[in-house]
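Here is the structure we will look at.
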Amino acid sequence: MATQVYRVAQVLTAAGSPVARLQGIDEDGHEFRLELPTQLVQRAAPGHVLVLQWSLHALPEPLTPAAAQPQVAAQPQVAAETATPASAASPRAVDDAFMGLMSRVRRGTSEATSTPPMTTPPASQTRSQPEINDEFNKLLGSARTKG
């Protein structure tokens, strides 16, 4: 991270403008110009000191659309998925990666011995006897509409 100190030479604002410009110079004679919201520089004046800390970062290459990518093997490559940050991936690519992870067979098991996931049958298939609500509704009768 680089730290630089500049002495403010000018503060330029226009009436009604939401943006102000600071101009300054450092001890080596390098100039800076910085546009900021007017609210941030209301108390800035020539002679004040501006201290900047900054760094540069390379952005990852954008992913190509999922439709343009060739179909790869069923086993996703974990190393490729972890190399790209999640914020740069498209929602479709994230969904595909998640489904690939979820469809993998766990170590120590095989597809033939793994049991299918349990599903809950609908309530209408699990009821074998009338419930208390059924008896209560029979005593009350059908619901009448208002009006």
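What you see below is based on every heavy atom in this structure, not just the backbone, and it leaves out hydrogens, waters and symmetry mates.
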- Task: Mind checking the OG-CG spacing from S90 to D95? Nearest 0.5 Å is all I need.
- Result: 8.5 Å
- Pairs satisfying ring pair (Phe, Tyr, Trp, His ring centres under 6.0 Å), at least one member in residues 2-32, at least two apart: Y6-F32
- Query: With a 4.5 Å heavy-atom cut-off, do Q23 and V8 have their side chains touching?
  - Reply: no
Output a table of donor-acceptor pairs, distance under 3.5 Å, between side-chain atoms of residues 36-48 and any protein atom two or more places apart or on a different chain; print 'none' if there are none.
| from | atom 1 | to | atom 2 | distance (Å) |
| --- | --- | --- | --- | --- |
| T38 | OG1 | S17 | O | 2.9 |
| T38 | OG1 | P18 | O | 3.1 |
| T38 | OG1 | V19 | N | 3.3 |
| H48 | ND1 | A45 | N | 3.0 |

- Tell me the salt bridge (charged side-chain N to carboxylate O under 4.0 Å, His left out) pairs involving residues 19-35, sequence neighbours left out? E31-R33
- Message: Run the salt bridge (charged side-chain N to carboxylate O under 4.0 Å, His left out) test against R7 and tell me which residues pass, sequence neighbours left out.
- Response: none
- Hydrophobic side-chain clustering at under 4.5 Å (ILVMFWY, transitive links): who's grouped with I25? Put none if nobody. none
- Would you say L50 and L34 make side-chain contact, with heavy atoms under 4.5 Å? yes
Please table the atom pairs, donor to acceptor, closer than 3.5 Å between any side-chain atom in residues 52-59 and protein atoms at least two apart or in another chain.
| from | atom 1 | to | atom 2 | distance (Å) |
| --- | --- | --- | --- | --- |
| Q53 | NE2 | T3 | OG1 | 3.4 |
| W54 | NE1 | Q4 | OE1 | 2.8 |
| S55 | OG | H57 | NE2 | 2.8 |

